[in-house]
**Student:** 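Supplied in structure tokens, the structure appears directly below.
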Amino acid sequence: MPQGGYAPQLPDAADAGTLAQRAAQYFNEKNYAAALDALERRATMAPETTELRMMRGWSLLHLNRREEARKAFATLGKAAPGQSLQGGK
């Protein structure tokens, strides 16, 4: 899928684990908008892990949303490796 292009529909009943897997899949396909969509939906269900927060930051950076990316990366220093961070904007 092209960068910033069509965001695939996610199942309405997707759980946090499924959304994390989809976010990783979309990120690896360079579909950063879809990755962010999955991360946003997941953040309403469960705390965001350090790995997912990093994926959020890189997705935002790839979409030239630099200030949001900076904020996402800044939160990484506030949790020890392996700890969860509360999702959100």
**Student:** Where is the tightest heavy-atom contact between A16 and M45, given as atom of each residue plus distance?
**Tutor:**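 Heavy atoms only, the tightest pair is N-SD, 3.7 Å.
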**Student:** To the closest 0.5 Å, what do you measure between CZ (R66) and NZ (K71)?
**Tutor:**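 Reported value, rounded in 0.5 Å steps: 15.5 Å.
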**Student:** Going by side-chain contact (heavy atoms from CB on, under 4.5 Å), L36 matches just one of R65, E68, H62. Which one?
**Tutor:**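 Checked R65, E68, H62 against L36; only one passes side-chain contact (heavy atoms from CB on, under 4.5 Å): R65.
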**Student:** Are the charged groups of E48 and R42 less than 4.0 angstrom apart, N to O?
**Tutor:**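 Salt bridge flag = no for R42 with E48.
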**Student:** For E51, check side chain to side chain donor-acceptor pair (under 3.5 Å) against everything at least two apart and list the hits.
**Tutor:**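 Applying side chain to side chain donor-acceptor pair (under 3.5 Å) to E51 gives none.
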**Student:** Can you name the closest pair of heavy atoms from A23 and A35 and give their distance?
**Tutor:**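 Shortest heavy-atom contact: O-CB, 3.6 Å.
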**Student:** Checking R70 now: which residues fulfil side chain to side chain contact (heavy atoms under 4.5 Å, CB included) with it, not counting sequence neighbours?
**Tutor:**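 R70 satisfies side chain to side chain contact (heavy atoms under 4.5 Å, CB included) with E67 once adjacent residues are dropped.
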**Student:** Which value, rounded to the nearest 0.5 Å, describes the distance between S59 atom OG and D37 atom CG?
**Tutor:**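 That separation rounds to 11.5 Å.
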**Student:** Considering non-hydrogen atoms only, spot the tightest contact between T18 and A14 and give its length.
**Tutor:**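 Distance-wise, the nearest heavy atoms are CG2-CB, 4.2 Å.
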**Student:** May I ask you to check whether F27 and Y32 place their ring centers less than 6.0 Å from one another?
**Tutor:**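 Yes, the ring centres sit under 6.0 Å apart.
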**Student:** Pair M54, F73 - check side chain to side chain contact (heavy atoms under 4.5 Å, CB included), show working.
**Tutor:** CA-CA 7 Å; M54 181 74 76; F73 289 132; 3.6 Å; yes
**Student:** Any chance you could lay out the side chain to side chain donor-acceptor pair (under 3.5 Å) test for Q25 and Q21, step after step, and finish with the verdict?
**Tutor:** CA-CA 6 Å; Q25 175 189 342; Q21 289 174 348; over 6 Å; no
**Student:** To the nearest 0.5 Å, what is the distance between OG1 on T44 and CG on L19?
**Tutor:**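 So the OG1 of T44 and the CG of L19 are separated by 8.0 Å.
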**Student:** Provide the closest heavy-atom pair for L61 versus A69 in the form atom of the first, atom of the second, distance.
**Tutor:**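 Between these two residues, the closest heavy atoms are N-CB, 3.7 Å.
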**Student:** What is the minimum heavy-atom distance between A43 and R56, and which atoms define it?
**Tutor:**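 That would be CB-NH2, 4.0 Å.
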